[in-house]
There are 2 protein chains.
Amino acid sequence: MATIHDVAAMAGVSVTTVSRVLNNRGYISEDTRRKVYSCMEALNYQPNEIARSLLRKQSNLIGLIVPDVAHPFFSELTSHIEYYAYELGSKVLLCNSQLDPVKERDYIDMMKRNRVDGIIMGSHTLEVDVYSNLKGIVTFDRQIDEHIPYVCSDNYEGGRLATRLLIDKGCRKIAHICGNLQLQLLANRRTDAFRHEVHKHGIEHVIIETDMNVFDQNQYEAYVNRLFADHADVDGVFATSDIIAAFVVKVCRKLGRRIPEDVRVVGYDDVNNASWFTPALTTVRQPLKEMARLAVESIRKQAEEEAVEPARMLPVELIERETT
Amino acid sequence: MATIHDVAAMAGVSVTTVSRVLNNRGYISEDTRRKVYSCMEALNYQPNEIARSLLRKQSNLIGLIVPDVAHPFFSELTSHIEYYAYELGSKVLLCNSQLDPVKERDYIDMMKRNRVDGIIMGSHTLEVDVYSNLKGIVTFDRQIDEHIPYVCSDNYEGGRLATRLLIDKGCRKIAHICGNLQLQLLANRRTDAFRHEVHKHGIEHVIIETDMNVFDQNQYEAYVNRLFADHADVDGVFATSDIIAAFVVKVCRKLGRRIPEDVRVVGYDDVNNASWFTPALTTVRQPLKEMARLAVESIRKQAEEEAVEPARMLPVELIERETT
DNA sequence: TTTGACATGTCAATCGTTTGACATATGTTT
DNA sequence: AAACATATGTCAAACGATTGACATGTCAAA
């Protein structure tokens, strides 16, 4: 690969001059500017960003850690983050933690070694101290401690809306399938809201806590099968993700229960999938794109040492489709 | 951030010594080794990979360009690529081209500037010369020219299997929905196979060419609606992706056609989605994970200047589920 | 004639790390 | 005593680019 020296040599000028045209500083005549540009073209010169990063102490790299990009929720999130990073002239370094603490820690260290401008955590299994000593960080729907900014949506309201919809539609016994409540996720607020609503209205209910293992989808089916085996009279299900909801629909169909006549189902997230499904899924929409925007913005601000809001919570929206 | 000098100063040794323990070269006593490690720990030292990359002329970065990670096919591909990159100690730089030639070109230049070890192209809209002058490159299901290695699956066989299944099940009029045939995609072999089979058996058929615009999913629905409006007697559909197939199912349901009794549907790819759908989709499975492995391996080989196979084609498999 | 804008050059330091060449010890074997 | 392995140090160059300081021009305006 050609270096700035090669360009200078070919154009018959000094490297300082080339650098000057490259960075638009000092005086440069139109003549040399053109000459330099044409030499860069001829040599297929691309300034070495690695050298620049070293000098500037800025990599323009944003690290993104998610449990698995193959999961629709995270793939859509990733897509939006990439979009806003590109707008900023930054690049996205992608990592799947598989919720494996070893891999996650490894990735965080790797990112520190690569001097990323910041990390967006869509996953976390580790203790707080690992996250400190990072230029920038923001978590996604996860509150780790007061010093780490996060963006999330109004999980409590989402849980309330979903539960209320099922109650209003006349459900008598409602199941709620959620993730592992031991993990300190903000998503657990949905379960809080579910509990509150269901008690307020005196509705019979059951809560199923899954391992939230994103990767072994067969497990979901087993959970749902068990649910209907143990509680044949369930006529409403509020699942904490659209994928789980899809499995509920699948199992119901196998069991011969009609949706929404016999069982009503509400998902969560409103991933693209939700609208492709037949029947189309009723769900609670998170403003994913806007959340991604705020996350990237937070990293940018931290990199530029501007002040950042420690927490951003965005509104959710109930999307009624065919499963209720 | 602490540098190797800080570590050396704290440990009371020279930077050369620290570098020696870091890279395991030369003689080092157990004593100093321990001392150096504990100082690194205390200072939270992480060797600056940027400086290393500059010296080694190797970034350990693999660039991945896809149309959009939000698309299930590409998100699964990305996930597998990330997996194998991690195994190699490489990192994945993710780019969505949105099939926008400007953005794609911009990204390729960016990757050259960042001296990636290679690019995996899951998308391509550009002329060949842009791809040359790259350390490593491999395309995914796309044959650009003889000098650019690619990995793909047996598209012709996939098309044949899907078409034959519909014929064998007794379909009289089969529709095939494919992408833009102007783009030089290997996926077009599926259409070739469809044409061949359908002629061989004298089956009535119709081919719908879409813009393959991954992002505007409403378009798919419109295409499918038009299909059934124009050809009410279609009783078999072979769609070139599972997502399109999902829309076929959706529209059929709206139109009151039963699946598989009235219309049989075969998708393509076997993305995770396909098995979540109700009814579960019959589809042609591409060995995505293995394809990802080969792509990453090809980049690694190119970076290490080993010889690479110019083309790798993997077998596909017909997965019969509930839509046929 | 002096001043100042314009144009380019030379030189050296800096970013953080690696590496080879070479020096200088202290031990341990022959 | 010579030879050698072990352990560490000093020094400098290299990777590719940026930048500030300063020099040296030319040319036009005051």
Side-chain angles (χ1 to χ4, degrees), chain A residues 1-37 39-40 43-61 89 109-117 135 303, chain B residues 1-37 39-40 43-61 89 109-117 135 303:
Chain A
M1 267 252 116
T3 73
I4 197 172
H5 290 94
D6 303 325
V7 176
M10 181 170 175
V13 298
S14 68
V15 296
T16 307
T17 300
V18 178
S19 179
R20 285 206 258 254
V21 347
L22 220 43
N23 298 284
N24 269 311
R25 21 189 7 271
Y27 296 115
I28 291 289
S29 67
E30 259 320 298
D31 253 27
T32 33
R33 188 184 301 274
R34 262 198 307 276
K35 196 168 47 175
V36 168
Y37 273 125
C39 291
M40 296 197 309
L43 292 170
N44 215 315
Y45 170 73
Q46 303 280 357
N48 187 328
E49 279 298 327
I50 298 183
R52 285 179 161 180
S53 295
L54 183 58
L55 191 64
R56 301 213 171 108
K57 295 163 161 298
Q58 242 229 50
S59 62
N60 284 316
L61 233 43
D109 283 347
M110 183 273 275
M111 287 176 167
K112 285 182 182 172
R113 286 197 301 274
N114 284 276
R115 303 297 190 262
V116 297
D117 293 341
K135 271 202 239 177
Chain B
M1 267 251 120
T3 74
I4 197 173
H5 290 94
D6 303 325
V7 176
M10 183 170 173
V13 299
S14 69
V15 296
T16 306
T17 301
V18 177
S19 179
R20 285 206 259 252
V21 345
L22 220 42
N23 298 286
N24 269 313
R25 20 190 4 272
Y27 296 114
I28 290 291
S29 68
E30 258 320 301
D31 253 27
T32 33
R33 188 185 300 276
R34 260 200 307 279
K35 195 167 48 174
V36 168
Y37 273 126
C39 290
M40 295 197 309
L43 291 170
N44 215 313
Y45 170 73
Q46 304 279 354
N48 187 329
E49 278 299 328
I50 297 183
R52 285 181 161 179
S53 296
L54 182 59
L55 193 64
R56 300 212 174 111
K57 294 161 162 300
Q58 242 228 49
S59 61
N60 285 317
L61 233 41
D109 283 347
M110 183 273 275
M111 286 174 167
K112 286 182 181 170
R113 286 196 302 273
N114 284 276
R115 301 298 189 263
V116 296
D117 293 341
K135 271 202 241 179

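Throughout, protein chains are lettered first and strands after them, A, B, ... in sequence-line order, and every chain is numbered starting at 1.
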Exercise. Hey, does the side chain of B:Ser19 reach the backbone of B:Val15 with a donor-acceptor pair shorter than 3.5 angstrom?
Worked result: no
For this session: Give a yes or no on whether the backbone of A:Ile50 and the side-chain of A:Asn48 come within a donor-acceptor separation of less than 3.5 Å.
Result: yes
Distance check needed: [N] [atom2] versus [X] [atom1], whole Å only.
{"X": "B:Leu22", "N": "C:dG16", "atom1": "CG", "atom2": "C1'", "answer": "12 Å"}
{"X": "B:Arg33", "N": "D:dT8", "atom1": "CZ", "atom2": "C1'", "answer": "13 Å"}
{"X": "B:Lys35", "N": "D:dG9", "atom1": "NZ", "atom2": "C1'", "answer": "13 Å"}
{"X": "A:Asp6", "N": "D:dA17", "atom1": "CG", "atom2": "C1'", "answer": "13 Å"}
{"X": "B:Asn48", "N": "C:dG16", "atom1": "CG", "atom2": "C1'", "answer": "5 Å"}
{"X": "A:Ile4", "N": "D:dT18", "atom1": "CD1", "atom2": "C1'", "answer": "8 Å"}
{"X": "B:Lys57", "N": "D:dA14", "atom1": "NZ", "atom2": "C1'", "answer": "10 Å"}
{"X": "A:His5", "N": "C:dT10", "atom1": "NE2", "atom2": "P", "answer": "11 Å"}

For this session: Classify every nucleotide of nucleotides 19-30 of chain C by which part a protein heavy atom approaches to under 4.0 Å, writing B for the base, S for the sugar-phosphate alone and - for neither, in 5'-to-3' order.
Result: BS----------
Please name the pair of heavy atoms, one in [X] and one in [Y], separated by the smallest distance, quoted to 0.1 Å.
{"X": "A:Ser53", "Y": "A:Ser59", "answer": "OG-CA, 3.8 Å"}
{"X": "B:Arg115", "Y": "B:Lys135", "answer": "O-NZ, 4.0 Å"}
{"X": "B:Glu49", "Y": "B:Arg52", "answer": "OE2-NH1, 3.1 Å"}
{"X": "A:Val21", "Y": "A:Ile28", "answer": "CG1-CD1, 4.2 Å"}

Look at all strands and tell whether [X] reaches a base, only sugar-phosphate, or nothing, counting heavy atoms closer than 4.0 Å.
{"X": "B:Ser14", "answer": "base"}
{"X": "B:Thr32", "answer": "sugar-phosphate"}
{"X": "B:Ile28", "answer": "sugar-phosphate"}

Exercise. Taking the nucleotide of DNA chain D with the closest heavy atom to each, which residue, B:Tyr27 or A:Ala51, is nearer the 5' end?
Worked result: B:Tyr27
For this session: Please report how far the helix from C:dT1-D:dA30 to C:dT30-D:dA1 bends, comparing the axis fitted to its first five pairs with the axis fitted to its last five, to the nearest 10 degrees.
Result: 50°
Cut-off 3.5 Å, no hydrogens considered: what does the side-chain donor-acceptor table look like for residues 1-9 of chain B, sequence neighbours left out?
unit_1	atom_1	unit_2	atom_2	d
B:Thr3	OG1	B:His5	N	3.1
B:Thr3	OG1	B:Asp6	N	3.4
B:Asp6	OD2	B:Thr3	N	2.8

